[in-house]
*Asks:* 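My questions all concern the structure below.
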Amino acid sequence: MIAVGTRRALDAKGIDAVMAVAEEEATRNGYRVVIAIVDAGGHLLQLRRTEDAQPASGQVAIDKARTAAIFVRPSREIEQQVSSGRLGALALHGAVALTGGIPLTVDDEVIGAIGTSGETPDQDESVSLAGAHTPFSVTDVPALTRDGAQAAADAAAAVATERAVWPVVAVVDAGGELMHLWRPDLAQVASVQVAADKARTAALYRRPSKDFEDQAAHGRPSALHLAQAVPLQGGMPIVHSGHVVGAVGVSGASSAAEDQELSVLAAEAASATARDGEGKAAAYFPAESVAAKFATGGLLHDTPGYKVDAGRRTAPGEVEYHEHVADIMHVVSGTATVVTGGQMIASRAVGPGETRADAIEGGTRRELGAGDVLVIPPGVPHHFTAVSDPFLYLVAKVRD
């Protein structure tokens with residue numbers, strides 16, 4: 001079981017790079033706009049207002065960016081659905097049907113979004129597109145997995161069942177979004193939302209929700225006004241390697257104190273599972289799950305030190321360069337031509353230690369087929385110049 005994996009996130013320099021290019025595009029065209037950048041959960045990272053931009057555009061820009069981030073598509077697509085007669089799209093939670101929000105992606109993974117508001121829809125979108133298309137840096141951060149979320153809920157559920165109490169246990173990610181819910185048959189209905197609210201509070205504020213209940217009860221009632229916070233004990237952050245990767249909320253046990261006790265047990269169980277799983281536990285993937293992963297391509301196994309990717313290619317790609325990661329490839333089926341080494345042409349940084357380029361000058365050309373193994377050490381550029389459709393290969397990515 002892998003309780004905590006990794007995901008990519010915008011770093012401070014990456015955010016600044018996207019904003020600088022978007023603002024330059026707006027200024028060059030004389031657009032009076034507000035530009036917002038959000039993370040993958042739709043939470044604001046940076047906002048810029050150009051000269052004479054209308055105040056109302058601030059919230060609209062955030063809304064457009066959030067829509068693009070959480071629905072992993074341009075917000076234009078939501079507006080087009082509504083304009084084409086699908087009025088139900090107006091009820092999508094967290095979405096605005098307004099053009100101008102564009103996802104920020106790295107290797108097809110949405111890690112945030114940019115939204116612009118203030119001019120015409122096309123003009124707004126052009127500013128966002130300029131920002132989204134500029135190279136930007138990212139960082140790897142720990143992320144709670146589905147298995148980790150279930151481990152937290154199962155720990156609380158086991159103790160609650162032994163005590164014959166029936167609370168609801170909610171586990172959320174670092175952005176406060178629900179990942180797993182345990183709701184026993186005898187749980188009170190109201191506890192579902194309360195448990196999720198407690199977990200969200202602990203995740204977003206990076207502290208136990210009890211802190212806010214204590215503040216409100218001991219002379220600081222204004223703690224009730226904190227955005228998205230519920231001042232009720234029973235919400236605990238899940239911490240891994242100093243990072244809050246999620247949170248657990250418990251509601252409906254015999255008392256508020258027991259809610260808190262169970263949430264602490266659950267959070268500690270998830271953290272312990274993550275520590276125990278860091279390269280120490282065997283991971284097994286039956287043939288059926290491997291085949292299913294190859295159907296789309298993607299990670300089979302994800303740890304801070306190494307990853308195993310079910311690679312699927314249907315066309316040549318960009319030149320890749322990993323400063324600190326070795327790629328160990330085993331071809332499963334299909335054929336490919338790969339060039340390794342040489343000099344990268346028109347290279348650009350896409351993240352810490354990660355570079356992409358348009359082509360390689362020189363290098364060594366290799367023809368790969370089923371059963372072949374290719375080992376690419378850190379610091380060696382490589383380029384798939386031709387592949388069959390599909391070309392399937394297992395890749396172990398090992399960090400030095």
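The structure displayed is predicted, hence computed values, not measured ones. Hydrogens, waters and symmetry mates play no part in the numbers below; they use all other heavy atoms, side chains included. The residues of the chain are indexed from 1 along the displayed sequence.
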*Asks:* Does Asp372 reach the main-chain N or O of Gly369 with its side chain, forming a donor-acceptor pair under 3.5 Å?
*Replies:*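 Pair found, side chain donor or acceptor close to backbone of Gly369.
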*Asks:* Report the residues that fulfil side-chain contact (heavy atoms from CB on, under 4.5 Å) with Val380, sequence neighbours left out, ordered by chain and then residue number.
*Replies:* Thr340, Ile376, Pro377
*Asks:* Before accepting this row, confirm whether a basic side-chain N of the pair Asp140/Arg399 lies closer than 4.0 Å to the acidic partner's carboxylate O.
*Replies:* yes
*Asks:* For the residue pair Ile70 and Gly42, what are the closest heavy atoms and their distance?
*Replies:*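 Looking at all heavy atoms of both residues, the closest pair is CG2-N, 4.1 Å.
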*Asks:* Group every Ile, Leu, Val, Met, Phe, Trp and Tyr by side-chain heavy-atom contacts under 4.5 Å, then state whether Leu392 and Val331 land in the same group.
*Replies:* no
*Asks:* Just wondering, do Val21 and Phe136 contact through their side chains at under 4.5 Å, heavy atoms?
*Replies:* no
*Asks:* Establish, from distance only, whether the side-chain atoms of Gln80 and Ser83 form a donor-acceptor pair under 3.5 Å.
*Replies:* no
*Asks:* Side chains of Glu125 and Thr99: do they bring a donor and an acceptor to under 3.5 Å?
*Replies:* no
*Asks:* Are Asp259 and Lys198 ion-paired here, with the side-chain N under 4.0 Å from a carboxylate O?
*Replies:* yes
*Asks:* Report whether Leu181 and Leu262 are members of the same hydrophobic cluster (ILVMFWY, side-chain heavy atoms less than 4.5 Å apart, transitive linking).
*Replies:* no
*Asks:* Do Arg73 and Ile78 have side chains that get closer than 4.5 Å, going by heavy atoms?
*Replies:* yes
*Asks:* Nearest 0.5 Å please: distance from the OG1 atom of Thr67 over to the CD atom of Glu77.
*Replies:*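 Going from OG1 on Thr67 over to CD on Glu77, the span is 12.0 Å.
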*Asks:* Is Val168 close to Trp182 at the side-chain level, that is, under 4.5 Å between some pair of heavy atoms?
*Replies:* no
*Asks:* Could you check whether any side-chain heavy atom of Ile35 comes within less than 4.5 Å of a side-chain heavy atom of Leu47, counting everything from C-beta outward?
*Replies:* no
*Asks:* For Asp108, is the CG atom crowded, meaning more than 12 foreign heavy atoms sit under 6.0 Å from it?
*Replies:*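 Not buried by this count: 12 neighbours or fewer within 6.0 Å.
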*Asks:* What distance do Phe391 atom CZ and Ser333 atom OG have between them, rounded to the nearest 0.5 Å?
*Replies:*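 Going from CZ on Phe391 over to OG on Ser333, the span is 8.0 Å.
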*Asks:* Between Glu24 and Thr27, do the side chains contain an N or O donor and an N or O acceptor separated by less than 3.5 Å?
*Replies:*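 Not at all, the side chains of Glu24 and Thr27 share no donor-acceptor pair under 3.5 Å.
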*Asks:* Can you tell me if Arg146 has over 12 outside heavy atoms packed within less than 6.0 Å of its CZ?
*Replies:*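 Check fails, neighbour count at 12 or below.
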*Asks:* Should Arg356 and Glu320 count as side-chain neighbours, where that means a heavy-atom distance under 4.5 Å?
*Replies:*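 Contact flag for Arg356/Glu320 side chains = yes.
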*Asks:* Under the ring pair (Phe, Tyr, Trp, His ring centres under 6.0 Å) test, which residues partner His382, sequence neighbours left out?
*Replies:* His322
*Asks:* Quick one: do Arg28 and Glu25 make a salt bridge, cutoff under 4.0 Å?
*Replies:* yes
*Asks:* If only side-chain N and O atoms count, and only distance matters, is there a donor-acceptor pair under 3.5 Å linking Ser263 with Lys210?
*Replies:*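 On atom types as modelled, these side chains do not qualify, holding no pair under 3.5 Å.
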*Asks:* Please confirm whether the backbone N or O of Arg220 pairs with a side-chain atom of Gln215, one donor and one acceptor, at under 3.5 Å?
*Replies:* no
*Asks:* Quick one: closest heavy-atom pair of Ala253 and Pro167, and the distance?
*Replies:* N-CB, 3.5 Å
*Asks:* Apply side-chain contact (heavy atoms from CB on, under 4.5 Å) to Ala149 and list each qualifying residue two or more places apart in sequence or on a separate chain.
*Replies:*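 Result, side-chain contact (heavy atoms from CB on, under 4.5 Å) vs Ala149: Leu144, Val171, Met179, His180.
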*Asks:* Measure the shortest side-chain to side-chain distance between Arg312 and Pro390 over non-hydrogen atoms and say whether it is less than 4.5 angstrom.
*Replies:*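 Side chain of Arg312 against side chain of Pro390, heavy atoms only: contact under 4.5 Å found.
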*Asks:* With distance as the sole criterion, is a donor-acceptor pair present between the side chains of Glu119 and Asn29 under 3.5 Å?
*Replies:* no
*Asks:* Side chain of Gln150, backbone of Asp147: donor and acceptor closer than 3.5 Å?
*Replies:*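 No.
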*Asks:* Should Arg200 and Asp197 count as an ion pair when the cut-off is N to O under 4.0 Å?
*Replies:* yes
*Asks:* Are the side chain of Thr201 and the backbone of Val230 linked by a donor-acceptor contact shorter than 3.5 Å?
*Replies:* yes
*Asks:* Side-chain heavy atoms under 4.5 Å apart, restricted to Ile/Leu/Val/Met/Phe/Trp/Tyr: what other residues fall into the cluster of Val96, or is it alone?
*Replies:*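 Val96 shares its hydrophobic cluster with Val60, Leu98.
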*Asks:* Atom CE of Met19 and atom CZ of Arg48: how far apart are they, to the nearest 0.5 Å?
*Replies:*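 It is 5.5 Å, given to the nearest 0.5 Å.
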*Asks:* Less than 4.5 Å apart, side chain to side chain, heavy atoms only: is that true for Thr385 and Val338?
*Replies:* no
*Asks:* With sequence neighbours left out, write down each residue that passes side-chain contact (heavy atoms from CB on, under 4.5 Å) with Ala357, or none if nothing qualifies.
*Replies:*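 Here the qualifying residues are Val319, Met344, Ser347.
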*Asks:* In this structure, would Val250 and Leu232 fall into the same cluster of hydrophobic residues linked by side-chain contacts under 4.5 Å?
*Replies:*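 No; Leu232 is not reachable from Val250 via cluster members.
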*Asks:* Please indicate whether Arg365 has more than 12 foreign heavy atoms, meaning atoms of other residues, nucleotides or ligands, lying under 6.0 Å from its CZ.
*Replies:* no
*Asks:* Using modelled atom types only, decide if a donor and an acceptor are shared between the side chain of Thr50 and the backbone of Val33 within a distance under 3.5 Å.
*Replies:* yes
*Asks:* Is the NZ or CZ atom of Arg313 both under 6.0 Å from the centre of the six-membered ring of Phe384 and within 45° of that ring's axis?
*Replies:* yes
*Asks:* Could you go through the side chain to side chain contact (heavy atoms under 4.5 Å, CB included) check for Tyr31 and Thr116 one step at a time?
*Replies:* CA-CA 10 Å; Tyr31 297 156; Thr116 305; over 6 Å; no
*Asks:* Parallel under 30°, tilted from 30 to 60°, perpendicular over 60°: which one fits the rings of His301 and Tyr306?
*Replies:* tilted
*Asks:* State yes or no: do Val106 and Ile37 share one hydrophobic cluster built from I, L, V, M, F, W and Y residues joined by side-chain heavy-atom distances below 4.5 Å, directly or via other members?
*Replies:* yes
*Asks:* Quick check on Gln343: does its CD atom have over 12 non-hydrogen neighbours (other residues, nucleotides or ligands) under 6.0 Å away?
*Replies:* no
*Asks:* Specify the closest pair of heavy atoms between Gly131 and Ile114, including all atoms of both residues, with the distance to one decimal.
*Replies:* CA-CD1, 4.3 Å
*Asks:* How close do Lys64 and Gly100 get, heavy atom to heavy atom, and via which atoms?
*Replies:*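 Shortest heavy-atom separation between Lys64 and Gly100 comes out as CD-CA, 3.9 Å.
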*Asks:* Any luck finding a side-chain donor-acceptor pair between Gln54 and Ser57 under 3.5 Å?
*Replies:*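 Indeed, the side chains of Gln54 and Ser57 share at least one donor-acceptor pair under 3.5 Å.
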*Asks:* Between Arg49 and Glu51, does at least one N-O distance fall below 4.0 Å, as a salt bridge requires?
*Replies:* no
*Asks:* On a heavy-atom basis, which atom in Ala17 and which in Pro135 lie closest, and how many Å separate them?
*Replies:* CB-O, 4.0 Å
*Asks:* Locate the shortest heavy-atom distance separating Ala174 from Val244; write the atom from each residue and the value.
*Replies:*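 Heavy atoms only, the tightest pair is CB-O, 3.6 Å.
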*Asks:* Short question: side chain of His43, backbone of Asp39 - any donor-acceptor pair under 3.5 Å?
*Replies:* no
*Asks:* A side-chain contact here means heavy atoms from C-beta on lying under 4.5 Å apart; do Val245 and His240 qualify?
*Replies:* yes
*Asks:* Are Ile102 and Ile15 connected into the same hydrophobic cluster when the rule is that any two of I, L, V, M, F, W, Y join if their side-chain heavy atoms are below 4.5 Å apart?
*Replies:*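 Linked within one cluster.
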*Asks:* Between Lys397 and Asp327, is there a salt bridge with N-O shorter than 4.0 Å?
*Replies:* yes
*Asks:* To the nearest 0.5 angstrom, please state how far the NE2 atom of His330 sits from the CG atom of Leu368.
*Replies:*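 With rounding to 0.5 Å, NE2 (His330) is 11.0 Å from CG (Leu368).
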*Asks:* Does Arg8 have any side chain to side chain donor-acceptor pair (under 3.5 Å) partners at least two apart in sequence or in another chain, and if so, which?
*Replies:*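 Here the qualifying residues are Asp107, Glu109.
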*Asks:* How long is the gap from OG1 on Thr145 to CG on Asp173, to the nearest 0.5 Å?
*Replies:* 11.5 Å
*Asks:* Between Asp11 and Ser137, do the side chains contain a donor N or O and an acceptor N or O under 3.5 Å apart?
*Replies:*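 Yes - a donor-acceptor pair under 3.5 Å links their side chains.
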*Asks:* How many angstroms lie between atom CG of Asp309 and atom NZ of Lys293, to the nearest 0.5 angstrom?
*Replies:*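 Spacing of CG (Asp309) from NZ (Lys293) equals 9.0 Å.
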